[in-house]
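Everything quoted here is computed from the prediction, not taken from an experiment. What you see below is based on every heavy atom in this structure, not just the backbone, and it leaves out hydrogens, waters and symmetry mates. Naming: A, B, ... by sequence-line order, numbering from 1 per chain.
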Protein chains: 2
Amino acid sequence: MKKELTDRQQAILTFIEQYLQENGFPPTLREIGKHFGIASTFGVKRHLEALEKKGYVTIESNASRGIAVVHDDEYNSSVPEAVKNEHFNKIPVVGRVAAGSPILAMENIEGSLIIDPSFIKKAEDVFALRVQGDSMIDAGIFEGDLVIVSPNDKGRNGDIIVAMLEDEVTVKRLERIGDEIKLIPENINYQPITVTDKNNFSIVGKVKGVVRWLN
Amino acid sequence: MKKELTDRQQAILTFIEQYLQENGFPPTLREIGKHFGIASTFGVKRHLEALEKKGYVTIESNASRGIAVVHDDEYNSSVPEAVKNEHFNKIPVVGRVAAGSPILAMENIEGSLIIDPSFIKKAEDVFALRVQGDSMIDAGIFEGDLVIVSPNDKGRNGDIIVAMLEDEVTVKRLERIGDEIKLIPENINYQPITVTDKNNFSIVGKVKGVVRWLN
DNA sequence: TTGACAAGTGCTCATCTGTTCACTATATTT
DNA sequence: AAATATAGTGAACAGATGAGCACTTGTCAA
């Protein structure tokens, strides 16, 4: 376990990491000092020496910007193998879907989500969709939730699926009776939809998961 | 598309990337020159200017080691920023919690979950807990779901929290009235719990998110 | 009260480092 | 043949930068 940092040291370490991220190279002593209102480079230097002694950075003597942030093994061991091997899954998050437009068009991508491969088979090609409306609240799917959709799985009877109906995207439970297809909402205030015009209907994919974020 | 590089320029770009990887900060003009047997810093500088003009690096004027390697979007789009910068969050998933045992003891860890940093503030120390029981179904939290818990946030009035009560872990909505603490289930079949013995009660943390996996 | 420690000031100094200029040389393109 | 881009030398220069010292302040535990 690494030694604990003082608040000041932690703040400085964070600043260095941020600076590095934004600029691609580490800050100078004076830049650090300026950011924290420390007038003397010596004050900054001692913070860095403390950080080095505690194992958070290494400092190249006499080299300008010679600060390297240490990512030690302990830290790395917390990195899942999957990520090291780049076998993680990055899932595009689709925001609002404009009527008629292809779901995965670039304009729709709202962000991305990383999901542990233990949840998703590696090659599976999934995406996330932000839920609008409350027709599935009894299935624990609320407005604003993200549903993870697998377009390669068109769903079986009883599965929750994402369907495209009349250029609108909806999340519903699928019910197939013979040739008839019904979309069942999980909310007593809504009525099941029977698909009549199969030209204007398609199943986008099966819902594999739900992710909700509070606040 | 980026302009093509000469062999020399490519070699220098590669060297800079390697140096950066090994040292954590970029090389100086003289260090580059020394590596390639270029005696004059001016020769090196012109290579860098070429690299900058072609969009491979940016150079901070008058700053030592002010070379930043540009990673353009095309190249990066297959690798999420989060992973490249190792700023992703790996969350331990806690399975069953034995009565009285520390929640985060190793034996309890069931697996791990990777969540996009866009959801969680970087330094936030969270873990995931598998839900047992159905006392929160009206809040969309079902048995078997994973709740993401932030132990640093003890929750405000109305928040959904994880509490430790009589050596049992429960997910409930928090209600504080004056000095009285109530735990409200979100299921009409359950009754609110008023905390009487505060010695046997503690708040584990606030629920920040919910993840459910189907099949 | 004493001591240890974190944090900071103001300053000097040496050297690190990017900038610039004049000049040379070799390909490739026009 | 002339223009252009690439590649390099050697030297001079100024500003950027880390190192070091003596001294001060505030907090906290023994």
Spacing of NZ belonging to B/Lys182 relative to CG belonging to B/Leu174, to within rounding of 0.5 Å: 12.5 Å
Rounded distance (Å) that lies between atom C1' of D/dA16 and atom CG of A/Asn62: 14 Å
Any N/O donor-acceptor pair, B/Ser40 side-chain to D/dG10 base, under 3.5 Å: yes
Check: B/Thr14/B/Gln10 side-chain N/O donor and acceptor closer than 3.5 Å: yes
Interatomic distance, B/Gln10 CD vs D/dA7 C1' [rounded to whole Å]: 17 Å
Whole-Å distance separating the NE2 atom of A/His47 from the P atom of D/dA19: 15 Å
A/Ile67 CD1 - D/dG18 P separation (whole Å): 7 Å
Given DNA chain C, 5'-ward residue of the pair B/Ala63 and A/Val44, judged by closest heavy atom: A/Val44
Side-chain N or O of A/Lys45 closer than 4.0 Å to phosphate OP1/OP2 of D/dG18: no
Proximal nucleotide (of D/dT6, D/dA7, D/dT17) relative to the A/Ser64 side chain: D/dT17
Sugar-phosphate only, base, or nothing, as touched by B/Arg46 at under 4.0 Å among non-hydrogen atoms: base
Nearest-Å distance for atom pair CD/C1', residues B/Glu49 and D/dG8: 14 Å
Reported CG-to-CD1 distance for the pair A/Asp159 and A/Ile161, which is rounded to 0.5 angstrom: 9.0 Å
B/Lys172 and B/Ile193, any side-chain heavy atoms less than 4.5 Å apart: yes
Least distance between heavy atoms, A/Met136 atom then A/Val171 atom: CG-O, 3.3 Å
More than 12 heavy atoms from other groups under 6.0 Å of CD1 on B/Ile188: no
5′-ward residue of the pair B/Ile38/A/Thr41 relative to DNA chain D: B/Ile38
Atom pair CD (A/Glu52) and CD1 (A/Ile59), whose distance is rounded to the nearest 0.5 Å: 4.5 Å
Minimum heavy-atom distance between A/Val169 and A/Val162, given as atom pair plus value: CG1-CG1, 3.5 Å
Segment of DNA chain C, first to last nucleotide, that comes within the 4.0 Å heavy-atom reach of chain B: C/dT17 to C/dA22
Spacing of CD1 belonging to A/Ile32 relative to CG belonging to A/Leu13, to within rounding of 0.5 Å: 10.0 Å
Angle by which the axis turns from one end of the helix from C/dT1-D/dA30 to C/dT30-D/dA1 to the other, five pairs per end, to 10 degrees: 40°
Gap between atoms CZ and P, on B/Phe36 and D/dA7 respectively (whole Å): 11 Å
Atom-to-atom span, CD of A/Glu60 to P of D/dG18 - whole angstrom: 12 Å
Ion pair check, B/Lys53 and B/Glu49, cut-off under 4.0 Å: no
Any residue of residues 22-33 of chain B with a heavy atom less than 4.0 Å from an atom of DNA chain C: B/Thr28, B/Leu29, B/Arg30
Salt-bridge criterion met for A/Arg65 and A/Glu31 (N-O under 4.0 Å): yes
First encountered from the 5' end of DNA chain D, between A/Ile59 and B/Gly37: B/Gly37
Distance test, side-chain N/O of B/Arg8 to OP1/OP2 of D/dG8, below 4.0 Å: yes
Parallel, tilted or perpendicular: rings of B/Tyr19 and B/Phe25 (30°, 60°): perpendicular
